[in-house]
Amino acid sequence: MQQIIYLEETDSTNNWAKRHFEGFGAVGAVVAHSQTGGRGRLGRAWQDTPGQALYYSAVLKRPLAHPAGLPLYVSLAAAKALRREFDAPMQVKWPNDLLLNGKKLVGILCEGVPGGYVCGIGVNLCQPAAYFSAVGLTHATSLAAEGVEIENAAMVIPRLAQALTLEFGSAMDEFAEKGFAPLREIYRAACVNIGRRVWFAGGEGVAVDVDEAGRLIVGTDEGEQIVFTGEVSVKGIYGQL
Ligand code: BT5
């Protein structure tokens, strides 16, 4: 049985997992009812709606042959858990946002620490659509806002936390050994970037593929470019014209 710790409040479940990393077994997780300093990538904030969303971080203490693909693995693992629990058809925006009906439902923040990894996953469960417009997150959504019936979030949260934690156990043996390559087809099928116009730090073009290492391949006027990291906006997604 993998250990999942439930907290009433913390700054960020990723921070908490890092501070208590030594106390975890090979696989474990922490969930908070509320985060006072939830973090996104690149110093951005993750909004807190206590009890209406899942704030979860998995702790992973195992070597990964190709750790660069971890955020993509985690996005597929979360998509699988959400499909299983709620029958929700998720899409992925490279590298690791999960979208439902074109809006951001899940944010993922993977961080390396000495001896392993912390994988943070935020899932919006039952905030009403009006909440997102009130806080200016016009491209975000929750399961409930998309019509998924959530009777009791307090019961859904531990169920989803358990489903997610399973994905960090033996389910990830193949990824730990072989990296992203065996997942490439599944990822490509879910990826909203492919075939769309994208903008990235080095230019713009049409996303044509995701390679075996999980990098985005973009066809530009100067030829194919490989995007390793950073922000990529996608035409037609998040209000991008
Ligand atoms: C992410 O960053 O999407 C990663 C978010 C990870 C959150 C989890 S919660 C548990 C764990 N503990 C943490 O402290 N973090 C992790 P990024 O790609 O940088 O996106 C951040 C952007 O998403 C913000 O600038 C907003 O535009 C938007 N955003 C903020 N809160 C949101 C929410 N609740 N739902 C949807 N979008 C949100």
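Every number for a ligand or one of its atoms is a count from 1 in the order of the listing.
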Notebook entry, point to check: Should one rank Gln47, Glu231, Gln127 by closest heavy-atom distance to atom 31 (N) of ligand 1, which comes out on top?
Noted result: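 Answer by nearest heavy atom: Gln47.
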Closest non-hydrogen protein atom to [atom], residue and atom name please, with distance?
| atom | answer |
| --- | --- |
| atom 8 (C) of ligand 1 | Gly122 N, 3.6 Å |
| atom 10 (C) of ligand 1 | Thr13 OG1, 3.2 Å |
| atom 25 (O) of ligand 1 | Arg44 CD, 3.3 Å |
| atom 24 (C) of ligand 1 | Ala45 O, 3.6 Å |
| atom 35 (N) of ligand 1 | Asn124 ND2, 2.8 Å |
| atom 38 (C) of ligand 1 | Trp46 CZ3, 3.3 Å |

Validation row: [X], [Y] side chains within 4.5 angstrom (heavy atoms):
| X | Y | answer |
| --- | --- | --- |
| Thr13 | Gln35 | yes |
| Pro95 | Arg41 | yes |
| Phe24 | Ile5 | yes |
| Cys110 | Cys119 | yes |
| Ile237 | Leu99 | yes |
| Phe180 | Val210 | yes |
| Val27 | Met172 | no |

Contact atoms of ligand 1, heavy-atom distance to [X] under 4.0 Å:
| X | result |
| --- | --- |
| Gly38 | 14 (O) |
| Ser12 | 12 (N), 13 (C), 14 (O) |
| Gly40 | 1 (C), 2 (O), 4 (C), 5 (C), 19 (O) |

Check: Under the side chain to side chain contact (heavy atoms under 4.5 Å, CB included) criterion, do Glu111 and Arg39 qualify, and how do the steps go?
Finding: CA-CA 11 Å; Glu111 299 181 286; Arg39 296 187 289 116; 2.8 Å; yes
Note to self: Does any N or O of ligand 1 fall below 3.5 Å from an N or O anywhere on Lys104, backbone included?
What the structure shows: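 Min N/O separation from ligand 1 is below 3.5 Å for Lys104.
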Item checked: Short N or O distance, Gln35 and ligand 1, threshold 3.5 Å exclusive ->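 Gln35 vs ligand 1: N/O contact under 3.5 Å present.
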Next item on the list: Begin with the C-alpha distance, continue with both residues' side-chain angles, and end with the deciding distance and a verdict on side chain to side chain contact (heavy atoms under 4.5 Å, CB included) for Val227 and Trp94.
Entry: CA-CA 10 Å; Val227 183; Trp94 188 93; 4.0 Å; yes
If we set the cut-off at 4.0 Å for heavy atoms, which region of [X] has an atom near ligand 1: side chain, backbone, both, or neither?
| X | value |
| --- | --- |
| Leu137 | side chain |
| Ile121 | backbone |
| Arg39 | both |

Next item on the list: Using only heavy-atom distances, determine whether the side chains of Tyr55 and Thr49 contain a donor-acceptor pair under 3.5 Å.
Entry: yes
